[in-house]
Amino acid sequence: MYMQRLIFVVSLLSISIVAQDNRKKTCLHNLAINGTNLIAIYRKQLLVLGIINFNNQSSRIQANRYNDLYRELQNSGIRDTTVRLILVNEQDAANYLPGKYYDKIRLFQDNAKDGLIKKLRNHEHSADNFIFGRCGYLVFAQERSNSNLQDGKNYKELVRNIKLAMRGRICSEKKQYYS
């Protein structure tokens with residue numbers, strides 16, 4: 001009888017730990033900007049999203065580091081069909097958006113209607129670099145103090161997390177969705 005109660009308590013404890021872990025996962029089913037649902041259009045790909053402000057020089061350098069990241073992934077055999085890199089320009093820098101692409105990286109302009117950056121930050125992330133799994137689960141967020149890719153350590157951490165996320169089976173479980 002004691003053994004049965006012990007097994008029961010241990011199983012309840014493990015179930016509650018798993019449930020607590022699942023509740024903290026962020027999944028954005030509708031990550032839309034300018035009428036484009038990024039999760040839907042890039043569903044089978046890892047989505048690496050960077051927030052920048054083309055109004056200042058440091059963001060242009062950050063965008064150049066994203067191009068370096070693109071080339072490094074290509075040289076490692078990781079293609080566009082596997083990992084998609086996207087930069088989102090902040091609302092207040094709309095006049096400085098250089099076009100639809102910055103070299104090889106797709107650019108989007110955040111706007112008041114979509115409020116993509118606000119939506120991301122409402123999920124308790126004050127980050128500039130995000131990695132979303134193939135179904136929209138937030139796999140990794142690089143906080144502002146560690147998101148400057150000019151720093152080699154931050155750049156390597158982002159590359160490492162992209163490669164780790166590629167191996168994961170993020171879509172195999174149902175989680176709570178946010179939209």
Side-chain angles (χ1 to χ4, degrees), residues 17-18 20-33 36-54 58-90 100-108 110 116-117 119-121 123-179:
I17 289 171
V18 170
Q20 184 73 10
D21 183 46
N22 287 347
R23 202 179 75 221
K24 290 183 180 179
K25 299 243 183 220
T26 299
C27 182
L28 296 172
H29 215 41
N30 184 18
L31 192 63
I33 188 162
T36 303
N37 184 342
L38 299 176
I39 300 301
I41 199 166
Y42 301 120
R43 181 169 174 84
K44 301 286 184 182
Q45 299 169 319
L46 221 64
L47 182 62
V48 180
L49 188 140
I51 296 174
I52 57 170
N53 184 325
F54 273 111
S58 63
S59 284
R60 288 189 192 95
I61 294 169
Q62 185 85 339
N64 286 332
R65 291 299 286 164
Y66 260 82
N67 279 312
D68 295 342
L69 176 63
Y70 176 86
R71 284 186 282 282
E72 182 173 335
L73 293 173
Q74 291 287 312
N75 291 336
S76 299
I78 301 169
R79 303 287 179 231
D80 281 354
T81 55
T82 309
V83 176
R84 178 66 57 172
L85 302 177
I86 292 176
L87 292 173
V88 178
N89 193 30
E90 291 182 354
K100 290 188 175 191
Y101 288 89
Y102 191 81
D103 196 7
K104 299 285 188 178
I105 310 300
R106 180 71 165 101
L107 296 178
F108 286 93
D110 196 20
L116 177 70
I117 295 172
K119 181 186 275 190
L120 289 171
R121 293 198 173 136
H123 288 290
E124 301 175 9
H125 300 289
S126 61
D128 287 337
N129 301 314
F130 299 88
I131 301 174
F132 290 93
R134 291 174 179 87
C135 290
Y137 293 105
L138 181 62
V139 179
F140 175 74
Q142 206 167 22
E143 298 296 322
R144 279 190 175 182
S145 60
N146 296 319
S147 64
N148 183 356
L149 299 182
Q150 293 176 52
D151 183 343
K153 184 183 106 192
N154 298 338
Y155 179 85
K156 288 176 185 175
E157 181 184 7
L158 183 61
V159 171
R160 184 179 64 81
N161 279 287
I162 289 171
K163 290 178 179 179
L164 284 173
M166 285 178 50
R167 292 186 218 139
R169 298 278 180 221
I170 306 298
C171 294
S172 62
E173 302 173 36
K174 288 190 175 187
K175 308 282 186 207
Q176 182 177 1
Y177 289 89
Y178 299 94
S179 46

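Fair warning: this is a prediction, and the values are worked out from it, not measured in the lab.
Atom CG in L38 sits 6.5 Å away from atom CG in L116 (nearest 0.5 Å). How far CD of E90 is from CD1 of I52: 9.0 Å, rounded to the nearest 0.5 Å. Atom NZ of K153 sits about 13.5 Å away from atom CG of L158, to the nearest 0.5 Å. From Y70, atom OH reaches atom CG of N75 across 10.5 Å, with rounding to the nearest 0.5 Å. Note that the CZ atom of F132 and the CG atom of L31 stand 5.0 Å from one another [nearest 0.5 Å]. Here the CG atom belonging to L138 is positioned 7.0 Å from the CZ atom belonging to F130, to the nearest 0.5 angstrom.
A pairwise comparison of heavy atoms in K100 and R106 identifies O-NH1, 3.2 Å as the closest pair. L46 and A165 get closest at one heavy-atom pair: CD2-CB, 3.6 Å. Residues N89 and N53 approach most closely at OD1-CA, 3.4 Å, considering heavy atoms. Heavy atoms only, all atoms of each residue included: L49 and I51 are closest at CD2-CG1, 4.1 Å. In this structure, V88 and D110 approach most closely via the heavy-atom pair CG1-CB, 3.9 Å. The two residues Q150 and S58 have their closest heavy-atom pair at NE2-O, 4.1 Å.
Tested against V159 for a side-chain contact (heavy atoms from CB on, under 4.5 Å), the candidates L69, N154, L149 yield a single pass: L69.
For the 3.5 Å distance criterion, the side chains of Y155 and E72 qualify, holding a donor opposite an acceptor. Inspection of the N37 and Y42 side chains reveals no N or O donor paired with an N or O acceptor under 3.5 Å.
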Could you walk me through whether I131 and L47 satisfy the side-chain contact (heavy atoms from CB on, under 4.5 Å) test, starting with their C-alpha distance in whole Å, then the side-chain angles of each, then the deciding distance to 0.1 Å, before giving a yes or no?
CA-CA 6 Å; I131 301 174; L47 182 62; over 6 Å; no

Show, in sequence, the C-alpha distance, side-chain angles and deciding distance for V83 and L85, and conclude whether the side-chain contact (heavy atoms from CB on, under 4.5 Å) test is met.
CA-CA 7 Å; V83 176; L85 302 177; 4.2 Å; yes

Could you give me the CA-CA distance, side-chain angles and deciding distance for T81 and K44, then say whether side-chain contact (heavy atoms from CB on, under 4.5 Å) is met?
CA-CA 8 Å; T81 55; K44 301 286 184 182; over 6 Å; no

Show the numbers, then the answer: is there a side-chain contact (heavy atoms from CB on, under 4.5 Å) between I105 and I86?
CA-CA 6 Å; I105 310 300; I86 292 176; 5.7 Å; no

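Taking the charged nitrogens against the carboxylate oxygens, K156 and D151 have no contact shorter than 4.0 Å, which rules out a salt bridge.
The shortest side-chain heavy-atom distance between I78 and K163 falls under the 4.5 Å cut-off. Contact of the K104 side chain with the Y66 side chain is not registered, since no non-hydrogen atoms from C-beta on lie closer than 4.5 Å.
Every residue two or more places apart in sequence or in another chain that forms a side chain to side chain contact (heavy atoms under 4.5 Å, CB included) with R60 is listed here: F54, Q57, Y96, Y102.
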